2 protein chains.
Amino acid sequence: MLVVDDDPQLRRALRITLRAAGFDVVTAEDGRTALAEAAAAHPDLVVLDLGLPDLDGTEVLAGLRPWFTGPVVVLSARGDSSDKVGALDAGADDYVTKPFDMPELLARLRVALRRATPLPGEPVVQTDHFTVDLAARQVTVDGVPVRLTPTEWALLSELVRAPGRLIGQRDLLKSVWGPAYERETNYLRVYLAQLRRKLEPDPAHPRYLHTEPGMGYRFTP
Amino acid sequence: MLVVDDDPQLRRALRITLRAAGFDVVTAEDGRTALAEAAAAHPDLVVLDLGLPDLDGTEVLAGLRPWFTGPVVVLSARGDSSDKVGALDAGADDYVTKPFDMPELLARLRVALRRATPLPGEPVVQTDHFTVDLAARQVTVDGVPVRLTPTEWALLSELVRAPGRLIGQRDLLKSVWGPAYERETNYLRVYLAQLRRKLEPDPAHPRYLHTEPGMGYRFTP
DNA sequence: GCCGGGCGTCAGGATCGCGTCAAGACCACC
DNA sequence: GGTGGTCTTGACGCGATCCTGACGCCCGGC
């Protein structure tokens, strides 16, 4: 996160508050260093004061926008409508007039970040032989998609969400079939066999979906 | 674009101004009709007044957010910091206090729309057989335009916005018909058949709009 | 060597979910 | 008031999925 302001006190206040909110903060006190810092640090978001000593804030914005796709939140002492419209149309994502309320600014920064990062994408689990895309709900073996039934998918995703860790049969039964089925270990046997038949190169000698007798099952990538 | 406000004068003014700016506008005067309109009309953006006669504006926001992914711009006569922070954290994309300046509101709406539409990348989805232009709302099969009904379009655009990703039936129902229809899977069957009849080379053996039994549907280019 | 527990395998049959169709309700427009 | 298009609703047949029970195998304990 890059904070651009010429007032040392405000810079300091913002840095402390934003750090407390969990952000990494770098600062700049004028337009030129702001552009340099932005290029060097690749911030997720820029807080930009319009009243700078060297460059006009709108020039900084114009210098930023051709390549910087993250959100820019503008601070300004001037509250004229034309100023606001100009900055917003020039690429700013929000316009906050000074003096501002710190909790509100933080909320607006959260909104800007929320919009900019589309989804907290779920991971893709890979082995030498097959891949499991948890977000897309797709499994491919040697590159070709494989169809799984809902129960097979529920079981597999439980296993691959904890790579290398052993999962007890009771835990698996609870999370796939519900808490009422804690004792029906036959289900597990049947569906593990099904998964191995669809995923393992040699279902008789599993390389990825291992059985720990008496304990549970384990997925090893 | 959906405008929600209980003041008829303001509604009228907003409708006229927004129409002049090139937007299609539907209006609602209370929270319940707002939620119904949003589910029926699929607006790109919602302008929401917090002071409504029946529901609290934040309740409308809460009812909207689980399934409506477009931007929501909040209007309010109250300018307290806590109100602003609450609305912004509840999912609002901007918070404008009344009385507001119309050009500024328009600029803020433009920003919200700019951020919400995924401009990095072409809004055109293509397959070997048909193309879907999300921006122009047009579908062509082998180069010839095809007419889709509003519901068909809403369903198709949900699917092609996530190429390769499986979308659960509940998610589809929520985003196309609204959150009240989470269980009506018959709708999906009927409209998927409709889409396949219009888009697939062989509707009996779909190549692009796949069914994952028990889970949902998937568009694969 | 016998026994029992745990696991993998298999093949039915009950059940569920999907695709299809058509008729009626609803709406907007003429 | 009529008309065309769109949306809803219900019924039906078929295929896939899930459950279930039985059987054989391996391995450690007696």
Side-chain angles (χ1 to χ4, degrees), chain A residues 137 139 146-156 159 166-170 172-173 175-178 180-218, chain B residues 24 26 33 36-37 39-42 137 139 146-156 158-159 166-173 175-178 180-219:
Chain A
R137 290 208 165 191
V139 179
V146 170
R147 292 200 30 180
L148 294 188
T149 73
T151 312
E152 288 164 7
W153 173 261
L155 182 56
L156 179 63
L159 286 167
L166 179 123
I167 311 184
Q169 341 201 18
R170 234 147 305 201
L172 281 174
L173 285 162
S175 48
V176 176
W177 279 271
Y181 294 76
E182 282 194 20
R183 313 209 153 272
E184 270 298 339
T185 63
N186 201 19
Y187 292 177
L188 283 180
R189 290 206 283 275
V190 171
Y191 278 91
L192 251 297
Q194 204 83 335
L195 282 178
R196 293 206 251 247
R197 200 172 310 147
K198 290 189 177 181
L199 301 182
E200 292 275 1
D202 178 11
H205 305 91
R207 282 177 52 193
Y208 308 106
L209 302 170
H210 294 284
T211 305
E212 305 275 342
M215 312 274 290
Y217 294 88
R218 180 200 309 276
Chain B
D24 278 346
V26 294
T33 56
E37 279 291 336
H42 303 291
R137 297 212 164 193
V139 180
V146 170
R147 279 182 45 97
L148 294 187
T149 73
T151 310
E152 288 164 8
W153 174 260
L155 181 55
L156 179 64
E158 278 301 315
L159 285 168
L166 182 132
I167 312 183
Q169 358 200 29
R170 231 144 296 192
D171 298 332
L172 282 174
L173 285 163
S175 48
V176 175
W177 279 271
Y181 293 77
E182 281 194 21
R183 313 213 152 270
E184 270 298 340
T185 63
N186 203 18
Y187 291 174
L188 284 180
R189 290 206 280 273
V190 172
Y191 277 90
L192 252 296
Q194 204 84 335
L195 282 178
R196 291 206 252 248
R197 203 171 307 148
K198 291 189 178 182
L199 301 183
E200 292 274 0
D202 177 10
H205 305 92
R207 283 178 52 193
Y208 308 105
L209 303 170
H210 294 282
T211 304
E212 304 275 341
M215 309 217 275
Y217 293 86
R218 181 199 309 276
F219 165 73

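The sequence lines fix the lettering, A, B, ..., with proteins before strands; numbering per chain opens at 1. Quick caveat: nothing in here was measured; it's all calculated off a predicted structure. As a basis for the values below, the full set of heavy atoms in this structure was taken, side chains included, without hydrogen atoms, waters or symmetry mates.
Side chain of B:R218 to backbone of A:R137: a donor-acceptor contact under 3.5 angstrom is found. A distance-only check finds no donor-acceptor pair linking the side chain of B:E212 to the backbone of A:R147 [under 3.5 Å].
Taking only side-chain nitrogens and oxygens, A:Q194 never comes nearer than 4.0 Å to OP1 or OP2 of C:dG8. Residue B:R189 has no polar side-chain atom (N or O) positioned under 4.0 Å from OP1 or OP2 of D:dA11. Checking the phosphate oxygens (OP1, OP2) of D:dC19, a side-chain nitrogen or oxygen of A:W177 falls inside 4.0 Å. At least one side-chain nitrogen or oxygen of A:Y187 sits closer than 4.0 Å to the OP1 or OP2 atom of D:dT20. Between C:dC18 and B:T211, no contact under 4.0 Å exists linking OP1 or OP2 to a side-chain N or O. Contact between the side-chain N/O atoms of B:R197 and the OP1/OP2 oxygens of C:dG19 is not found at any separation under 4.0 Å.
Nucleic acid contact class of A:E184 (heavy atoms, under 4.0 Å, all strands): none. Looking at heavy-atom distances under 4.0 Å, B:E152 makes no contact with the nucleic acid at all. At the heavy-atom level, A:Y181 lies nowhere under 4.0 Å from the strands shown.
Separating the CG atom in B:L192 from the CG atom in B:L155 is a distance of 5.5 Å, to the nearest 0.5 Å.
A:L155 places its CG atom 11 Å from the P atom of D:dC18, with the value rounded to the nearest Å. In this structure, CZ of B:R196 is placed 15 Å from C1' of C:dC21, rounded to the nearest angstrom. Straight-line distance from the CG atom of B:L192 to the P atom of C:dC18: 10 Å, rounded to whole Å. A:N186 places its CG atom 11 Å from the C1' atom of C:dC10, with the value rounded to the nearest Å.
Across the interface with DNA chain C, nearest-nucleotide mapping of A:Q169 and B:L188 shows A:Q169 to be the residue nearer the 5′ end. Residue whose closest nucleotide on DNA chain D sits further toward the 5' end, between B:P213 and B:L148: B:L148.
Nearest nucleotide to the side chain of A:T149, out of D:dT6, D:dC18, D:dT9: D:dC18. When the nucleotides D:dC7, C:dT20, D:dC19 are ranked by their closest atom to the side chain of A:Y191, D:dC19 comes out on top.
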Determine, stepwise, if the pair B:T211 / B:R196 fulfils side chain to side chain contact (heavy atoms under 4.5 Å, CB included).
CA-CA 11 Å; B:T211 304; B:R196 291 206 252 248; 3.1 Å; yes
